[in-house]
Amino acid sequence: MNLERLERAFGSLVCPSPTELRQAVASLALCPDDIASLVPQPEQLPYGRKILYLTPHVEVVLIHLPARQESIPHNHGDSFGWEWVISGTLTNVVYLPADGEDEVFRAQTTHVSAGDCYYVAPGEIHAIRNNTDGPVLSLNVYTPPLQNSRQYRAVQSPT
Ligand SMILES: [Fe+2]
C-alpha cells in the first residue's frame, strides 16, 4: 500500500455520497498483504488505529482489533462511513439512547466477514467487537473526516 494508490482512490473525492465512497474503497481491491507492514498496535485504546490518508473530504483509517477486544460505544458526529473488513470477522454492535445522559443500550449486532463492508450512518452509535481468537483488520473510511465523535456508556436494555 502506498500513498499513490490511496490518492488514486480517494484524492479526487469531494463530498462523496455513500455509494461513491464505497466504490472508492472497492477500487483499492485490498488484500491482507497490502497492509501487513502498516498494522497499528493498540496503545491507549483497545484497538490499533492509524490514519493512512486524510483530505478535507475523506479520512482513511486502518484498524487492528485484536482477539476478544471491543471498542467503547461511540458515534462519528456528522460523518458517515464504511468499515471494510480486510481480514477476520468483525462484529458491529449498534446502540440506542437509554434514559440517562450518555447512556446507551445494545440494540443490534451484525457480523461482517473479510471482503464485506458495513455502513455507519451519521449519528449512529456503535461499537466494534472481535468475538474471535484471531485479529480483525479493517479499513474505515469517513466523510467528512471525523470530528465531534462522542463516547457513551453501555447499560442494560430497558425492559
Ligand atoms: Fe466507529
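Just follow the structure's listing: the first ligand is 1, and inside any ligand the first atom is 1.
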Problem - Contact check, side chains of T91 and Y118, non-hydrogen atoms, under 4.5 Å - result: no
Exercise for the section: Measure the shortest side-chain to side-chain distance between R153 and V155 over non-hydrogen atoms and say whether it is less than 4.5 angstrom. Expected result: yes
Problem - Listed protein N/O/S atoms, distance to the Fe ion (ligand 1) under 2.8 Å - result: H74 NE2, H76 NE2, H126 NE2
Exercise for the section: Flag the pair E59 and R49 as a salt bridge only when some basic side-chain nitrogen lies within less than 4.0 angstrom of an acidic carboxylate oxygen. Expected result: yes
Problem - P66 backbone acceptor or donor facing Q69 side chain under 3.5 Å - result: no
Exercise for the section: Could you give me the CA-CA distance, side-chain angles and deciding distance for V61 and L139, then say whether side chain to side chain contact (heavy atoms under 4.5 Å, CB included) is met? Expected result: CA-CA 6 Å; V61 183; L139 194 74; over 6 Å; no
Counting only pairs under 3.5 Å, give me each side-chain donor-acceptor contact of residues 25-41, with atom names and distances, residues two or more places apart or in other chains.
| unit_1 | atom_1 | unit_2 | atom_2 | d |
| --- | --- | --- | --- | --- |
| S27 | OG | A24 | O | 2.7 |
| D34 | OD2 | R5 | NH2 | 3.1 |
| D34 | OD2 | C31 | N | 2.9 |

